[in-house]
Asker: 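I'd like to ask you about the structure that follows.
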Amino acid sequence: MSGLRAAGGVAKKAGKKAAGGFSGIEFHKSKGQHILKNPLVVQSIVDKAGVKSTDVVLEIGPGTGNLTMKLLERAKKVIAVELDPRMVLELQRRVQGTPYQNQLQIIHCDVMKVQLPYFDICVANIPYQISSPLTFKLLAHRPSFRAAVIMYQHEFAMRLVAKPSDPLYSRLTVNTQLLSRVHHLLKVGKNNFRPPPKVDSSVVRIEPRNPPPPINFLEWDGLVRLCFGRKNKTLGAIFRQSNTLALLEQNYAVAQALHRAADGAEVDLVGAINRLAMEGGSSGAGGGAADEGGSDDEMDEGEEGGAGAGGPGGIAAGGSARRRRGKASEGFKEQVLEVLEKSGYIEKRAAKLSQDDFLALLAAFNQAGIHFA
Ligand SMILES: C[S@@+](CC[C@H](N)C(=O)[O-])C[C@H]1O[C@@H](n2cnc3c(N)ncnc32)[C@H](O)[C@@H]1O
């Protein structure tokens with residue numbers, strides 16, 4: 001397989017057998033290349049995914065094709081999006097001359113840069129660097145699909161399925177669960193991969209809510225970003241911050257000027273989720289070391305990343321939000337605190353609020369003409 005050796009220069013340990021049953025391939029950590037070598041895990045993923053014989057399956061990052069071959073046994077068609085030309089060659093070689101040859105379509109591209117085709121179900125062991133933007137790219141995809149069964153870094157997976165009060169409950173959690181139902185399927189130890197990543201992994205099932213909730217997602221994310229900027233502080237403390245109030249008052253003035261309806265006017269869910277998806281960067285080759293145990297969760301500002309820094313960046317348009325602003329008026333501050341008081345959230349903390357709480361809070365603010373995007 002000289003093609004496989006070429007791109008990486010000299011293949012390390014050329015004599016050693018690598019995943020997929022061929023020798024000499026050098027896996028690139030920068031592309032998240034951790035090949036699933038345990039056939040039992042591969043089979044389990046395909047079984048749990050519930051792939052039907054009529055399904056078009058989207059696979060992201062097929063690598064050497066261990067999962068792809070099993071998917072081809074079950075599905076009508078597999079569309080595999082792969083960035084690395086060496087992997088594309090290997091996959092082509094693997095299906096050539098088999099009955100599956102005509103069922104496989106390979107798209108040689110960065111998944112974050114391509115318009116995804118129609119698919120019924122996505123099954124993938126993805127490069128962990130793009131976990132967050134890829135998840136939201138999928139959730140913004142139309143027409144919607146039945147499910148995505150995806151291998152993530154274990155901690156990232158736990159964030160997706162977290163419940164209020166869990167330590168990993170975060171902005172990522174509430175945004176994902178707003179748009180989908182998420183279930184943990186299977187924990188996969190690092191030794192099932194070649195080369196083994198530094199952390200364990202988990203397979204998660206994501207079922208998009210269809211139809212999606214009829215809310216302005218940018219507004220939603222603006223509120224949630226603000227609240228999770230300091231998730232253990234009371235909302236009263238967060239909304240008393242002068243930067244936050246100043247930004248909200250500016251949004252308020254714009255909304256008034258535009259005569260925007262109190263319940264939020266235009267709902268461009270797909271556009272809004274797409275904007276969010278692109279926040280996390282666009283390439284899997286960017287080198288983030290998600291498998292080193294670091295978090296690639298682009299959605300968590302952390303406890304101290306709140307109002308003063310990037311926190312409320314989401315509550316006003318673009319970079320202008322970061323500029324210094326004047327103080328909000330006392331009248332506006334009272335208005336904001338009254339909404340929190342009357343809705344019963346002033347002493348509550350984001351870490352313990354449910355999906356329904358955030359929806360109720362957003363509705364209460366919007367009714368008072370206060371907007372987050
Ligand atoms: C974790 S490996 C999974 C390989 C294979 N599916 C398996 O389970 O053994 C991730 C794969 O995604 C590919 N990849 C990395 N970044 C990508 C991107 N932005 N778009 C498409 N594929 C990408 C890598 O080249 C690699 O083949």
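Note that the structure is a prediction, hence the values are computed from the model and not measured.
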Asker: May I have the step-by-step check of side-chain contact (heavy atoms from CB on, under 4.5 Å) for L340 and L361, ending in yes or no?
Answerer: CA-CA 8 Å; L340 282 175; L361 186 58; 3.8 Å; yes
Asker: Is D357 paired with K352 through a side-chain N to carboxylate O contact shorter than 4.0 Å?
Answerer: no
Asker: Quick check: do L72 and V78 have side-chain heavy atoms less than 4.5 Å from each other?
Answerer: yes
Asker: Would you say D356's side chain and A360's backbone share a donor-acceptor pair under 3.5 angstrom?
Answerer: no
Asker: Just so I know, are the side chains of R181 and H183 near enough to count as touching, which here means a heavy-atom distance under 4.5 Å?
Answerer: yes
Asker: Is any side-chain heavy atom of N125 less than 4.5 Å from a side-chain heavy atom of H34?
Answerer: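 When only atoms from C-beta onward are counted, H34 and N125 do not touch, as no gap falls below 4.5 Å.
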Asker: Side chains of L226 and I238, heavy atoms from C-beta outward: is any pair under 4.5 Å?
Answerer: yes
Asker: Any side-chain donor-acceptor pair under 3.5 Å between N66 and R94?
Answerer: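 Yes, R94 and N66 have a side-chain donor paired with an acceptor closer than 3.5 Å.
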Asker: Enumerate the salt bridge (charged side-chain N to carboxylate O under 4.0 Å, His left out) contacts for residues 55-71, please, sequence neighbours excluded, ordered by first and then second residue.
Answerer: D55-R146, K70-E73
Asker: Determine yes or no for a side-chain-to-main-chain donor-acceptor pair under 3.5 angstrom, with R209 supplying the side chain and Q177 the backbone.
Answerer: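 Side chain of R209 to backbone of Q177, a donor-acceptor pair under 3.5 Å: yes, one is there.
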Asker: Can you check whether F358 and Y345 have ring centres sitting under 6.0 Å from each other?
Answerer: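 Distance test on ring centres: not under 6.0 Å, no.
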Asker: If you take all heavy atoms of A350 and F228, which pair is closest and at what distance?
Answerer: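 Answer, listing the atom of A350 first, then F228: O-CZ, 3.8 Å.
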Asker: Which atom names give the shortest non-hydrogen contact between S343 and A364, and what distance separates them?
Answerer: CB-CB, 4.2 Å
Asker: Got L248 and F239 here, is their nearest side-chain heavy-atom distance under 4.5 Å?
Answerer: yes
Asker: As a quick check of understanding, evaluate side-chain contact (heavy atoms from CB on, under 4.5 Å) for D84 and F27, giving each step before the final call.
Answerer: CA-CA 10 Å; D84 188 334; F27 296 125; over 6 Å; no
Asker: Check the pair S170 / T173 against side-chain hydrogen bond (donor to acceptor under 3.5 Å, both in side chains), numbers first and verdict last.
Answerer: CA-CA 5 Å; S170 60; T173 315; 3.1 Å; yes
Asker: I need the full list of side chain to side chain donor-acceptor pair (under 3.5 Å) pairs touching residues 95-106, with sequence neighbours left out, sorted by first then second residue.
Answerer: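 Listed once each, the pairs are K77-Q105.
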Asker: Under a 3.5 Å distance rule, please check whether R86 uses its side chain to pair with a backbone N or O of E26 as donor and acceptor.
Answerer: yes
Asker: Within a strict 4.5 Å, meaning less than it, do heavy atoms of the V203 and V149 side chains meet?
Answerer: yes
Asker: Does a side-chain N-to-carboxylate-O contact under 4.0 Å join E155 and R159?
Answerer: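 Counted as a salt bridge, because a side-chain N and a carboxylate O are separated by less than 4.0 Å.
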Asker: Any heavy-atom pair between the side chains of R205 and V182 that's under 4.5 Å?
Answerer: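 They are not in side-chain contact.
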Asker: Donor-acceptor check, side chain of D166 to backbone of K163, threshold 3.5 angstrom: yes or no?
Answerer: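 Flag set: sc D166 to bb K163 pair under 3.5 Å.
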Asker: So how far is it from S131 OG to F156 CZ, rounded to the nearest 0.5 Å?
Answerer: 4.5 Å
Asker: Evaluate side-chain hydrogen bond (donor to acceptor under 3.5 Å, both in side chains) for E219 paired with H371, printing each intermediate quantity in order.
Answerer: CA-CA 7 Å; E219 283 250 27; H371 293 276; 2.4 Å; yes
Asker: Does the side-chain contact (heavy atoms from CB on, under 4.5 Å) test come out yes or no for L139 and I206, once each step is laid out?
Answerer: CA-CA 9 Å; L139 289 172; I206 298 173; 4.0 Å; yes
Asker: Between S329 and E249, do the side chains contain an N or O donor and an N or O acceptor separated by less than 3.5 Å?
Answerer: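 The answer is yes; a qualifying pair exists.
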Asker: Minimum heavy-atom separation for L186 to S44, with atom names?
Answerer: CD2-OG, 3.8 Å
Asker: Taking ring-ring contact (aromatic ring centres under 6.0 Å, His included) as the definition, give me every residue that meets it alongside H141, ordered by chain and number, with sequence neighbours left out.
Answerer: F119
Asker: So R74 and D47, salt bridge (Lys or Arg N to Asp or Glu O under 4.0 Å) or not? Walk me through it.
Answerer: CA-CA 9 Å; R74 292 276 175 93; D47 290 344; 2.6 Å; yes
Asker: Please check this pair: side chain of Y169 against backbone of L353, looking for a donor-acceptor N/O pair closer than 3.5 Å.
Answerer: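 Yes, because the side chain of Y169 sits within donor-acceptor range (under 3.5 Å) of the backbone of L353.
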Asker: Please report the C-alpha distance between L67 and L36 in whole Å, then the side-chain angles of each, then the deciding distance to 0.1 Å, and finally whether the side-chain contact (heavy atoms from CB on, under 4.5 Å) criterion is met.
Answerer: CA-CA 8 Å; L67 181 57; L36 199 43; 5.6 Å; no
Asker: So, does K29 use its side chain to make a donor-acceptor pair with the main chain of P195 at under 3.5 Å?
Answerer: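 Checked: no pair found.
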Asker: S202 and H154: side-chain hydrogen bond (donor to acceptor under 3.5 Å, both in side chains), yes or no, with the steps?
Answerer: CA-CA 5 Å; S202 270; H154 178 69; 2.8 Å; yes
Asker: Let me know which of I79, I121, D120, V46 forms a side-chain contact (heavy atoms from CB on, under 4.5 Å) with V57.
Answerer: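 With V57 as partner, I79, I121, D120, V46 yield a single side-chain contact (heavy atoms from CB on, under 4.5 Å), made by I121.
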Asker: Taking the side chain as C-beta and beyond, is there a heavy-atom pair between L178 and P213 under 4.5 Å?
Answerer: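 Yes, side chains in contact.
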Asker: Taking the six-membered ring for Trp, is the centroid-to-centroid distance between Y118 and F145 below 6.0 Å?
Answerer: no
Asker: How about F372 and Y252: are their ring centroids closer than 6.0 Å?
Answerer: no
Asker: In terms of side-chain heavy atoms, does R230 have a donor or acceptor partner in Q241 at a distance below 3.5 Å?
Answerer: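 The answer is yes; a qualifying pair exists.
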Asker: Okay, side chain of H184, backbone of M158: is any donor-acceptor separation there less than 3.5 Å?
Answerer: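 Flag not set: sc H184 to bb M158 has no pair under 3.5 Å.
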